[in-house]
There are 2 protein chains.
Amino acid sequence: MVAHTSLEGRECPIARSLQHVGEWWNILILRDALAGFTRFDELQRNLGIAPAMLTKRLRALVEAGLLEKRLYSDRPQRFEYVPTARGEDFRDVLVALLAFGNRHFAPEGPSVTVVDTRTGIVADPVMVDAASGRPLSDPAFRWVSGPMAGSQTRSRYVMGPPEGGQRW
Amino acid sequence: MVAHTSLEGRECPIARSLQHVGEWWNILILRDALAGFTRFDELQRNLGIAPAMLTKRLRALVEAGLLEKRLYSDRPQRFEYVPTARGEDFRDVLVALLAFGNRHFAPEGPSVTVVDTRTGIVADPVMVDAASGRPLSDPAFRWVSGPMAGSQTRSRYVMGPPEGGQRW
DNA sequence: CAGTATCCTGTCCGATACTG
DNA sequence: CAGTATCGGACAGGATACTG
């Protein structure tokens, strides 16, 4: 949520994302949900989160369309919170955070890794351009802003604020 | 920082990352710093952040080793905050958030994109395994935890809490 | 089991004013 | 220009008790 803060009204897609997952509990909840923990008590125990807080965060994630509240038992009424397609799509962000944490904040070595279950080989996560396969860390890649930055002409490098001081 | 919260003491690399970049201001500051805005007033104007808050966040980012406070003028004393190698390495997370935001929270279309400056072509960011080039969204890839998850044997899928209820 | 209700503390964060 | 000092409000988040 973080709707009360100055995150609101920004155009930058990063800021837009942060409006929904800018609170760290939400990220940890999504991590668990994507790992298969979808029930209230699983999440609560696994995360060590206070129930009231969990309720609140789950509601926000459902509202944001990242989780779906689904009935899995009629009597008694029981719900589970499963990732939507949008929630699934958040996986890349999680993996990026995972790789970053492993590289820089894991003195005793990686505690969680991404593994190919067929080969058993540990993956080495990198962001690339899907079309060319080239890593986006290549300095040739830049962030470009402007109206409909999707067009291939008339784009402007983000080496200065978009509109003369305007916020992204 | 977020050091006072229950983020502390977790082993999960995602949680570890969040300890340092879990606050959304930090992420936006890194975004700007990586885009070339390294001076206090650039950041302040560009972000619309209160000066005291900016000071605090910059200090945290420097302490976390993501930014380096560097003297660029002697008289008067002036500092700039440039991304360290570790800060550079955060780029993938930013790009993941950017792509996610563009895909799901940009009703009017992408406002910022990653572009190959040589070809002018807009990149399509995906997380892949560097070795094989395969997208990590492939269901064959799973998150694995355990002591030194880097080893290729004796790993356990994270389909249950690591140590019987223990937090990640 | 899956929450709701309530209280309390810390601090995020904005606003404003001031300094070399 | 690059910050520091201070104030106040809003809420994140923990703890605990209670309900069907």
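In what follows, every chain begins at residue 1, and chains take the letters A, B, ... in the order their sequences are listed.
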- [ ] Choose from C:dC13, D:dG13, C:dG14 the nucleotide whose nearest atom is closest to any side-chain atom of A:W25.
- [x] D:dG13
Open item on the list: Can you build the contact string for nucleotides 1-7 of chain C? Use B for base contact, S for sugar-phosphate-only contact, and - for no protein heavy atom under 4.0 Å.
Closed with: BSBBBB-
Take atom [atom1] of [X] and atom [atom2] of [N], then tell me their distance rounded to the nearest Å.
X: B:L54; N: C:dG14; atom1: CG; atom2: P; result: 11 Å
X: A:E8; N: C:dG14; atom1: CD; atom2: P; result: 12 Å
X: A:I49; N: D:dG14; atom1: CD1; atom2: P; result: 7 Å
X: B:E23; N: C:dG10; atom1: CD; atom2: C1'; result: 12 Å
X: A:L7; N: D:dA12; atom1: CG; atom2: P; result: 13 Å
X: B:D74; N: C:dG20; atom1: CG; atom2: P; result: 20 Å
X: B:R57; N: C:dG14; atom1: CZ; atom2: P; result: 10 Å

- [ ] Check the angle between the aromatic planes of B:F105 and A:H20 and answer parallel, tilted or perpendicular using the 30° and 60° thresholds.
- [x] parallel
TODO: May I ask you to evaluate whether A:S6 reaches the phosphate of C:dC13, defined as a side-chain N or O under 4.0 Å from OP1 or OP2?
DONE: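 No, no such contact exists.
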Task: D:dG13 OP1/OP2 closer than 4.0 Å to side-chain N/O of A:W24 - done: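 Yes, A:W24 has a side-chain N/O under 4.0 Å of OP1/OP2 on D:dG13.
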- [ ] Check the hydrophobic clustering (I, L, V, M, F, W, Y; side-chain heavy atoms under 4.5 Å; chains of links allowed) and say if B:L97 and B:V126 are grouped together.
- [x] no
Open item on the list: Contact between A:R16 and B:P107 at the side-chain level, heavy atoms closer than 4.5 Å - yes or no?
Closed with: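 They are in contact (side-chain heavy atoms under 4.5 Å apart), so the answer is yes.
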Task: Among A:V122, A:I121, A:V115, A:T117, the one residue meeting side chain to side chain contact (heavy atoms under 4.5 Å, CB included) with A:T119 - done: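 When side chain to side chain contact (heavy atoms under 4.5 Å, CB included) is applied between A:T119 and each of A:V122, A:I121, A:V115, A:T117, only A:I121 qualifies.
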